[in-house]
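Each remark here refers to the structure printed beneath this line.
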Amino acid sequence: MEMIYGVKDRPKAGRLVLFSLQQLLAILAATIAVPMIVGNGMQPAAALFGAGVGTIVYLLLTKFKSPVFLGSSFAFLGSMAAAFAGGVSMSLGYLGLLVGAIFAGLVYVVIAVVVKFVGTKWIDKLMPAVVIGPTVAIIGLSLSGNAIKDLVSSGFYGYASYDGGYIMDTTAWLCLICGLVTLGVTVACSVYGKKMMKMIPFIIGILAGYALAAIFTGFSYIDGAEAMRIINFETFSSLSQGSAWYPDFTFLTAFNAHGGGYGNTNIGAYIGSIAVAYIPVAFVVFAEHLADHKNISSIIEHDLLKDPGLHRTLLGDGIGSMAGALFGGCPNTTYGESVGCVAISRNASVITILVTACMAILAAFLAPFTLFLASIPNCVMGGVCIALYGFIAVSGLKMIQKVDLNDNRNLFTVCIILIAGVGGMVLSIGKVTLTAVACALILGIVTNLLVNLGGKKAETAEVENAEADTVAKPDATDEAAATEDGE
């Protein structure tokens with residue numbers, strides 16, 4: 001895919017701001033959702049700040065060669081919940097978040113050191129295109145259910161009921177209309193737009209969907225029309241109630257005695273439980289790290305695993321995750337939404353990612369802006385995410401275009417990965433949860449190794465038989481020559 005702006009290109013100031021805002025909108029919903037799900041006083045603004053810091057660390061360690069944003073990782077939701085298990089104090093729970101992020105980050109650091117000295121050829125053998133392609137597709141497809149769920153829901157007033165299909169009441173229908181308008185405008189701008197309109201389809205689409213949702217919400221204040229309320233404008237009322245205009249950083253609560261201290265808890269045992277909750281998940285996220293970087297490499301047509309190198313992307317992700325969690329509590333990971341945004345806008349400028357990170361940090365202190373972003377209804381983001389997640393899936397499928405699917409070895413590998421991923425094969429083993437992507441990848445790797453092991457034996461046997469036949473049966477030329485000699 002030809003980029004309009006390459007990794008090293010720098011758009012003009014006005015365009016740069018718009019491109020960065022578009023990236024911020026693309027990663028926003030997922031980044032702030034993680035702390036909201038975990039609860040326990042975690043702040044979306046702090047997570048946004050942490051994501052910005054983590055991304056800057058990542059960019060520095062990858063020599064500004066990888067245009068990817070780091071955001072809050074959903075894979076660690078169970079691990080983060082474990083930090084607050086057993087009714088521990090707020091301070092100890094937040095300390096657990098910090099310690100857990102350090103454990104997870106160190107896993108990346110250790111793997112990075114191994115890769116530095118061993119190289120990446122083993123990865124190409126273990127995860128060739130036939131494995132990594134469908135795995136990347138699964139990253140997008142596994143998120144598709146979230147996009148559709150959001151499409152028919154406002155989010156602020158609950159989600160549409162599901163019983164073999166979404167039960168469409170008035171609110172759900174209006175949400176669907178807003179989501180489809182968002183999607184339609186985004187597609188129209190990307191396909192038919194000229195110049196800037198073609199490069200910022202998400203911003204235009206979101207604004208169009210938000211405007212329509214605002215109109216519906218305006219009518220909802222008429223008696224009997226409450227079902228038309230899609231946007232929760234009451235969110236902005238906190239501005240007039242003296243709410244804090246700065247985030248409550250994780251490290252402040254972790255070392256704040258007012259958070260309840262650490263009590264009589266056995267710190268050693270507690271840290272051990274945190275290690276068990278975080279370290280195995282880090283290995284799972286490592287697989288997603290590889291898939292995301294293979295994906296973005298194929299999009300920008302530059303192998304990031306070689307330049308700046310997998311060891312650098314791992315260091316950036318691991319240390320960036322530690323730095324981000326220090327402020328926001330959430331371990332970070334490379335975001336597929338960011339990769340999808342690069343693919344659709346065809347803007348791979350790493351400066352755009354840097355400005356996005358700075359915007360995220362600044363937004364954490366701008367309550368009006370943060371509240372506006374938080375007020376964007378789920379249905380509007382759902383419309384955008386259909387395109388984003390779809391592009392991730394298609395990017396993965398493009399990787400297997402040159403794979404011979406007439407060969408049953410490749411066919412079975414791809415089939416197993418797709419079905420395991422789309423089928424939602426999520427396994428909980430103790431405190432560790434293997435995501436659908438991780439399960440699909442593991443099955444794919446094992447399948448590919450097994451079928452090719454047998455295939456190599458068969459090929460060797462065929463070659464040996466062919467050579468034996470050649471020795472046993474001289475060709476026609478040899479026979480003719482022997483006949484002439486006899487005459």
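For the single chain, residues carry numbers from 1 onward in sequence order. In this text the structure is predicted, and so the values were computed from the model without any measurement.
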Intermediate values then yes/no, side chain to side chain contact (heavy atoms under 4.5 Å, CB included), Ile271 and Phe103: CA-CA 10 Å; Ile271 291 178; Phe103 278 133; 3.8 Å; yes
Evaluation steps, side chain to side chain contact (heavy atoms under 4.5 Å, CB included), between Gln22 and Cys341: CA-CA 8 Å; Gln22 181 169 248; Cys341 191; 3.8 Å; yes
Full working for side chain to side chain contact (heavy atoms under 4.5 Å, CB included) between Val68 and Ile353: CA-CA 7 Å; Val68 180; Ile353 304 298; over 6 Å; no
Side chain to side chain contact (heavy atoms under 4.5 Å, CB included) evaluation trace for Met399 with Asn295: CA-CA 8 Å; Met399 292 183 189; Asn295 189 13; 3.9 Å; yes
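Looking at Tyr210 and Ser375, their side chains do bring a donor and an acceptor atom within 3.5 Å of each other. Of the N and O atoms on the side chains of Thr334 and Asp292, at least one donor lies less than 3.5 Å from an acceptor on the other residue. No donor-acceptor contact under 3.5 angstrom links the side chains of Ser153 and Asn378, judged on distance only. Side-chain N/O atoms of Ser338 and Gln23 include a donor and acceptor closer than 3.5 Å.
Put simply, CG on Leu25 and CD1 on Ile206 are 4.5 Å apart, with the number rounded to the nearest 0.5 Å. We find the CG-CZ distance between Leu60 and Arg312 to be 10.5 Å, quoted to the nearest 0.5 Å. We find the CG-CD1 distance between Leu141 and Ile392 to be 9.5 Å, quoted to the nearest 0.5 Å. Distance check, rounded to the nearest 0.5 Å: CG of Leu441 to CE of Met127 gives 6.0 Å. Rounding to the nearest 0.5 Å gives a distance of 5.0 Å between CG of Leu97 and CE of Met42. For the atom pair CG (Leu21) and OG1 (Thr352), the distance works out to 12.0 Å, reported to the nearest 0.5 Å.
When ring centroids are compared, Tyr94 and Phe251 stay outside the 6.0 Å threshold. Between Phe327 and Phe49, the gap from one ring centroid to the other is short of 6.0 Å. The aromatic ring centres of His289 and Tyr108 sit less than 6.0 Å apart.
Proximity of a side-chain donor or acceptor of Ser91 to a complementary backbone N or O of Thr253 within less than 3.5 Å is detected. A distance-only check finds a donor-acceptor pair linking the side chain of Thr413 to the backbone of Arg409 [under 3.5 Å]. Side chain of Ser321 to backbone of Asn332: a donor-acceptor contact under 3.5 angstrom is found. A donor-acceptor contact shorter than 3.5 Å is absent between the side chain of Thr186 and the backbone of Val384. Under the 3.5 Å distance criterion, the side-chain polar atoms of Ser79 are matched with a main-chain donor or acceptor of Ala277. Under the 3.5 Å distance criterion, the side-chain polar atoms of Thr333 are left unmatched by any main-chain donor or acceptor of Ser73. Looking at Asn40, its side chain does come within 3.5 Å of a backbone N or O of Val38 through a donor-acceptor pair. Of the possible polar contacts, none joining the Asn448 side chain to the Gly444 backbone as a donor-acceptor pair under 3.5 Å is found. A donor-acceptor distance shorter than 3.5 angstrom exists from the side chain of Asp169 to the backbone of Ala172, with no hydrogens or angles considered. No side-chain donor-acceptor contact under 3.5 Å links Ser66 to the backbone of Thr62.
Enclosure of atom CD1 in Ile419 is not indicated, since only 12 or fewer non-hydrogen atoms of other residues, nucleotides or ligands lie within 6.0 angstrom. At most 12 non-hydrogen atoms from other residues, nucleotides or ligands lie less than 6.0 angstrom from CZ of Phe412.
At least one side-chain heavy atom of Leu143 sits less than 4.5 Å from a side-chain heavy atom of Asn146. In this structure, the side chains of Val7 and Phe64 stay at 4.5 Å or more apart for every pair of heavy atoms. With a 4.5 Å cut-off on side-chain heavy atoms, Val34 and Met80 count as touching. You'll find the side chain of Phe117 stays beyond 4.5 Å of the side chain of His311, heavy atoms only. Residues Tyr58 and Ile319 form no side-chain contact, since every pair of their non-hydrogen atoms from C-beta on lies 4.5 Å or further apart. The side-chain heavy atoms of Arg346 and Ile299, taken from C-beta on, include no pair separated by under 4.5 Å. No side-chain heavy atom of Ile386 sits under 4.5 Å from any side-chain heavy atom of Phe391. Side-chain contact between Leu354 and Val350 is absent, with no heavy-atom pair separated by less than 4.5 Å.
Within the structure, no pair that satisfies the salt bridge (charged side-chain N to carboxylate O under 4.0 Å, His left out) test touches residues 355-382, not counting sequence neighbours. Residue pairs meeting the salt bridge (charged side-chain N to carboxylate O under 4.0 Å, His left out) criterion with at least one partner in residues 54-75, sequence neighbours excluded, are Lys65-Asp307.
Listed here is the closest heavy atom pair of Cys175 and Val152: CB-C, 3.7 Å. In plain terms, the two heavy atoms of Leu98 and Leu326 that are nearest each other are CD2-CA, 3.5 Å. The two residues Gly329 and Thr250 come nearest to each other via the heavy atoms N-OG1, 2.9 Å. Between Glu337 and Ala26, the closest heavy-atom pair is CB-O, 3.5 Å. Heavy-atom minimum distance, Tyr278 versus Ala104: CD2-CB, 4.4 Å. Across all non-hydrogen atoms, the minimal contact from Ile230 to Cys379 is CG2-SG, 3.9 Å.
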